[in-house]
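A quick write-up on the structure given underneath.
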Amino acid sequence: MTARPAERGGDSDALVVPAGDPGAARPDPRLLPVAPVTRFAPAPTGRLHLGHLVNALYTWGIARAAGGRVLLRIEDHDRQRSRPEYEAALLDDLERLGLEPDEPPIDAFRSGATPYRQSDSRPVYAAALDGLRRDGLVYACDCSRATFAAWEAEHGRAWRGIGCPGGCRGRSLPDEDGTSLRVAVGAGTERWLDLLAGPVADEPAKGGDPLVRDRMGNWAYAFCVVVDDARHGVDLVIRGRDLLDATAVQLRLARLLGRETPPQLLHHPLVRHASGRKLSKAEGDTAVRTLLDDGATPAALFGRAARLAGLRPDDTPIDPHDLGSLFR
Ligand code: GLU
């Protein structure tokens, strides 16, 4: 069968929020922290798209409605996939959209190193790792994807449980360049009240102990965001439903790193193509830059994002400075 244009992803009107996504579109205002510190944390691995706009709408909207602050963080922990030209483009896109972070000013990224860029923060991650090491929680691991796949082939199910299939924690492998490192997160369940997804209980160790640094020397996503959210005082994490599954391990890591009060969490619905496919950073048709170049105003784009997120019944434009009105 030949795919219709909408199914090929060429038609951005065919975007939907899947009905199965949990939670109402708007959090109960009584549950929101007072004057929260939240963050917008894109990875510069592609262009900003409509999915990022939905996230920005929740992030700026809730911060403005609750008298809080928005930090901008560039999540370029993955050195192989991150590119400076994507960072430059996303900073320009934010400016064109009228999305000004409260901290740091956008120009701080253009003028050099900043603690809000992960690739400038490696000594901070190394220091956090040392703390976990002193607690005896870090071990070198030589399990590759193939090790996990071999375990799965032998047992008929994916690796699940404490540690890693190779039992590396007990092997005392040398911790050197080219070796990945894991953190022993322990057993048990993390529970939290997600401001949109509701009560959640999940096991941090369900996929084994998480990597903290991979064999290429990249700091792992979960580790960086936990260290960064703690050091920058982020107390409300607002992100897409796809990261709900990555949250239990982050709450556990935060605790192991000594954070007493974990941030509150809000996982919002994700925009997808009607076929179920996720939006991709490589797709021109949903790229914010293309839409702006084609003449869409920021207000029109936010109006459309609000309708897609289920926050508004139609596409009535919303001025970027008025996003707080969506959540009051
Ligand atoms: N950097 C992640 C992304 O681009 C977001 C991480 C987070 O919100 O924890 O999807």
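Every number for a ligand or one of its atoms is a count from 1 in the order of the listing. Atom set for the values below is all heavy atoms of this structure, side chains included, hydrogens, waters and symmetry mates excluded.
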Inset, instruction - Run down the list Arg239, Glu75, Gln118, Arg73 and name the one with the heavy atom closest to atom 6 (C) of ligand 1. - result: Glu75
Legend entry - Note: Arg307-Asp315 ion pair, threshold 4.0 Å (strictly below):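 Judged by the 4.0 Å cut-off on N to carboxylate O distance, Arg307 and Asp315 do form a salt bridge.
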Inset, instruction - Take atom CG of Asp177 as the centre, draw a 6.0 Å sphere, and report whether it contains more than 12 heavy atoms from other residues, nucleotides or ligands. - result: no
Inset, instruction - Establish, from distance only, whether the side-chain atoms of Tyr125 and Asp228 form a donor-acceptor pair under 3.5 Å. - result: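 The answer is yes; a qualifying pair exists.
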Inset, instruction - Consider only side-chain N and O atoms of Ser82 and His77, and report whether a donor and an acceptor are under 3.5 Å apart. - result: no
Legend entry - Cluster link Val226 to Leu236, ILVMFWY, side chain under 4.5 Å: no
Inset, instruction - For Gln250 and ligand 1, answer yes if some heavy atom of the residue is under 4.0 Å from a ligand atom, otherwise no. - result: no
[X] N/O under 3.5 Å from ligand 1 N/O:
X	value
Tyr221	yes
Ala41	yes
His52	no

